[in-house]
Amino acid sequence: MMLNIPRLFVFGLITVVRRSCAFLENTDKEVTEPPKIAIIGGGIGGTSASYFLSELFGDDAILDLYEADTIGGRLATIPIGERKYEVGGSIIHPKNEYMVKFASKFGLAKRAECSSRMGLFNGEEYVFKDSDWSFVTIMKLLWRYGLDAYRLEELTESMLGSFGKIYRLQEEGHAYEDVGSLLSAMDPTFLKMTHSPTASWLKGLGFHDLMINELVMAVTQCNYGQTPDIQAFVGAISVAGADSDLWAVDGGNRRVPEELLKASRAALLKRLVTEISFKEDGRFTVASVDSEMPFKHLFVEGNSAAIPEVEEQISQPQDYDIVIIATPLTEDKSNIKFTNFTEELKFPGRYERIVCTMVQGKLVPETLKFTDDDPLDEILVTNPRLIFNSFGKQFPVDLEDCSENLPDVWKIFSPNPLPEEQLNIFFKERNSTHVIDWLAYPHYESDQEMAKFVLTPGMYHVNAIEWAGSAMEMEIIGAKNVALLAYKYWKKDPNAGRKTIKDEL
Ligand SMILES: Cc1cc2nc3c(=O)[nH]c(=O)nc-3n(C[C@H](O)[C@H](O)[C@H](O)COP(=O)(O)OP(=O)(O)OC[C@H]3O[C@@H](n4cnc5c(N)ncnc54)[C@H](O)[C@@H]3O)c2cc1C
Ligand SMILES: *[C@@H]1O[C@H](CO)[C@@H](O)[C@H](O)[C@H]1NC(C)=O
Ligand SMILES: *[C@@H]1O[C@H](CO)[C@@H](O)[C@H](O)[C@H]1NC(C)=O
């Protein structure tokens with residue numbers, strides 16, 4: 001969801017390394033026979049993994065991408081009236097280099113972003129409201145939060161600087177077996193942050209309770225449906241999501257995974273993977289069933305979180321040299337069975353339920369304690385006991401001009417479905433109501449165990465990275481990492497894929 005904390009929170013890029021004049025030196029060994037690779041999941045993680053695998057292996061590798069539902073996964077749009085709206089992952093940070101690069105490579109424009117007024121609501125009243133003038137808003141922020149407002153911006157800026165190191169490391173072909181080592185390679189503090197609650201980490205840096213309980217609470221609620229008890233690395237990602245320079249892809253963010261799949265050499269198998277088994281020769285058998293859109297109810301009112309019951313259908317097992325899993329594997333999110341592995345594979349944890357209610361209709365502003373004379377477009381909450389996590393006015397994915405006359409569409413995130421009676425109180429007129437029930441992102445602990453990318457040699461898990469933080473760019477970084485791991489494994493050479501990038505002085 002788009003926040004609009006004004007430009008005080010714009011994070012400048014600290015360019016760690018100058019890359020414009022870099023040249024590449026390839027140190028790869030001779031190519032061996034082409035491997036057969038399965039990619040399971042066609043979200044941004046699986047499609048970018050396919051893309052990177054095509055890049056690394058060249059024409060020869062045989063890539064099969066299994067997707068049971070829709071390409072894009074948690075990047076999803078629904079039609080409301082004549083237009084489409086984002087209902088899943090919606091905002092992208094300007095420093096998300098992979099997303100920026102993909103959008104430009106595929107000729108995808110940024111969609112128009114309109115200014116909006118945000119308020120921080122505690123259930124009774126607004127503890128903070130944007131002004132129409134960003135200068136006044138900045139003064140109000142400094143008035144309420146003092147230097148904390150400025151220091152939070154500085155902190156995020158410096159973290160983004162360290163975060164940016166990953167692009168250079170990956171371009172040079174470095175890969176990591178687990179999420180902890182990947183984070184440490186960017187900055188050892190990042191791994192420590194995953195073991196500390198956001199609130200105490202910020203307190204340790206001298207931030208005050210007011211800032212943590214209001215602004216930070218509002219962004220963790222809005223972005224992850226959780227409180228600042230969540231581990232501090234994902235807490236920091238939430239804070240970075242409060243920039244005003246955030247963007248989205250014209251036509252919908254799911255266009256990026258669609259284009260990535262086309263640009264890769266993967267064949268799309270519209271099948272639901274049911275079982276992966278380890279073979280004596282070290283290869284893998286992937287069993288799947290025909291899926292005539294088992295999650296079809298995703299785009300109607302109902303529960304997309306429920307895992308579909310798979311009827312007994314003819315299974316078509318296929319053998320692969322390498323398997324890339326690009327979907328969450330926790331019990332609540334996956335039915336994939338793992339058989340004949342020497343070690344038991346465990347996927348602890350659960351995903352957070354976020355109900356996204358899209359209403360086209362007229363809001364009764366008084367029910368949210370504001371008036372038509374003093375309108376708000378974005379209501380964030382500082383109280384985790386409210387029935388909603390955020391409430392925001394939406395624009396279609398193909399918006400060209402903010403002055404366009406559009407019917408009001410509101411997006412409400414809540415931990416549980418909103419009862420009809422409640423919606424009738426919020427809205428005086430409702431043309432349409434769509435409910436998308438997500439198991440959206442991990443339920444984060446204060447001290448979060450980091451997962452492994454390598455499940456066994458030859459089998460890799462992109463979504464391990466979600467336990468550090470779930471976001472489009474994170475999935476792409478995870479995908480690039482597992483593509484490199486797979487390449488090194490196949491070449492039997494830990495240095496395969498390594499490049500030396502020399503900067504011109
Ligand atoms: C409501 C919401 C808001 C969000 N907001 C943002 C945001 O503003 N910015 C941001 O960067 N991120 C945001 N995120 C997070 C972001 O959307 C996710 O991190 C990212 O899209 C996950 O991508 P993925 O490819 O790893 O997983 P998914 O998108 O979940 O893809 C997995 C795919 O695998 C398929 N699949 C699963 N099991 C099988 C099987 N057995 N066989 C075959 N196929 C299978 C599924 O159908 C799915 O398409 C948001 C997420 C949600 C839900
Ligand atoms: C698991 O291994 C056993 C013994 O090697 C074999 O009989 C069985 O078919 C295997 N199962 C699968 C699903 O490959
Ligand atoms: C309801 O839909 C009609 C037709 O699409 C539109 O003209 C009208 O503005 C909508 N009303 C509201 C309250 O959104």
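Counting starts at 1 for both ligands and their atoms, in listed order.
A salt bridge links R83 and D398; the closest N-O separation between the charged side-chain nitrogens and carboxylate oxygens is under 4.0 Å. Under a 4.0 Å N-O distance rule, the pair D321/R283 qualifies as a salt bridge. Classification of E331 and K346 as a salt-bridged pair fails, no side-chain N sitting under 4.0 Å from a carboxylate O. With respect to R430 and E420, a salt bridge is recorded, a charged nitrogen being found less than 4.0 Å from a carboxylate O. A salt bridge links E259 with K262: the distance from a Lys NZ or Arg NE/NH1/NH2 to an Asp or Glu carboxylate oxygen falls below 4.0 Å. Ion pairing between D437 and R353 holds under the 4.0 Å rule for side-chain N and carboxylate O.
Among protein residues, E275, S277, E280, T339, N340 come within 4.0 Å of ligand 2, judged on heavy atoms.
In this structure a side-chain-to-backbone donor-acceptor pair under 3.5 Å is present from S446 to D229. A donor-acceptor distance shorter than 3.5 angstrom exists from the side chain of S48 to the backbone of I44, with no hydrogens or angles considered.
Checking I476, L439, T327 against atom 38 (N) of ligand 1, the nearest heavy atom belongs to T327. Distances from atom 39 (C) of ligand 1 to the heavy atoms of L272, I237, I465 show the closest one on L272. Heavy-atom proximity to atom 2 (C) of ligand 1, evaluated over G88, S470, C356, A326, is greatest for G88. Selection from E473, M472, E275 by nearest heavy atom to atom 11 (O) of ligand 1 gives M472. With distances taken over non-hydrogen atoms, the option nearest atom 52 (C) of ligand 1 out of W438, Y224, Y441 is Y441. Comparing K337, K411, E67 by heavy-atom distance to atom 33 (C) of ligand 1, the nearest is E67.
Taking only nitrogen or oxygen atoms, main chain and side chain alike, V273 reaches within less than 3.5 Å of ligand 1. At a 3.5 angstrom cut-off on N or O pairs, E466 does not count as close to ligand 1. Geometrically, ligand 1 and G45 share a nitrogen or oxygen pair separated by less than 3.5 Å. Remark: ligand 1 and P328 share no N or O pair separated by less than 3.5 Å (distance only, no angle test).
Which parts of ligand 1 touch S90 is read off a 4.0 Å heavy-atom cut-off, strictly below it: atoms 5 (N), 6 (C), 7 (C), 8 (O). Remark: ligand 1 atoms within the under-4.0 Å shell around heavy atoms of L75 are 17 (O), 21 (O). If you number the atoms of ligand 1 from 1 as listed, the ones under 4.0 Å from a heavy atom of G73 come out as 29 (O), 48 (C), 49 (O). The atoms of ligand 1 that sit less than 4.0 Å from any heavy atom of D69 are 47 (O). Taking a cut-off of under 4.0 Å to the non-hydrogen atoms of A440, the atoms of ligand 1 that pass are 53 (C). Every atom of ligand 1 with a heavy atom of A68 under 4.0 Å away is listed here by number and element: 43 (C), 44 (N). Heavy-atom contacts of Y66 reach the following atoms of ligand 1: 43 (C), 44 (N) (cutoff under 4.0 Å). For ligand 1 and F413, the ligand atoms under 4.0 Å from any heavy atom of the residue are 1 (C).
The nearest pair of heavy atoms linking T227 to P384 is CG2-CB, 3.8 Å. Considering all non-hydrogen atoms of both residues, M472 and I91 come closest at CE-O, 3.6 Å. The heavy-atom pair separating P396 from Y85 by the smallest distance is N-CE2, 3.4 Å. When all heavy atoms of I37 and A61 are compared, the closest pair comes out as CD1-CB, 4.5 Å.
The residue M474 has no part lying near ligand 1, judged by heavy-atom distances below 4.0 Å. Neither the backbone nor the side chain of I354 comes within 4.0 Å of ligand 1, counting heavy atoms alone. Counting heavy atoms under 4.0 Å from ligand 1, residue E475 touches it through the side chain alone. Counting heavy atoms under 4.0 Å from ligand 1, residue S334 does not touch it at all.
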Just do the salt bridge (Lys or Arg N to Asp or Glu O under 4.0 Å) check on D319 and K36 with the steps written out, would you? CA-CA 8 Å; D319 287 351; K36 205 175 161 206; over 6 Å; no
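Between F128 and F121, the ring centre distance reaches or exceeds 6.0 Å. If you look at F284 and Y320, their ring centroids are not closer than 6.0 Å. For F413 and F388, the distance between ring centers is not under 6.0 angstrom.
Rounding to the nearest 0.5 Å places NE2 of H443 at 9.0 Å from CH2 of W467. In this structure, OG1 on T285 lies 10.0 Å from CD1 on I276, to the nearest 0.5 angstrom.
In this structure, R271 has a heavy atom closer than 4.0 Å to ligand 1. Ligand 1 lies less than 4.0 angstrom from a heavy atom belonging to T70. At least one heavy atom of G72 sits closer than 4.0 Å to an atom of ligand 1. Ligand 1 lies less than 4.0 angstrom from a heavy atom belonging to I336.
Partners of A175 according to the side-chain contact (heavy atoms from CB on, under 4.5 Å) rule, which considers only residues two or more places apart in sequence or in another chain, are N481, L484, L485, K488.
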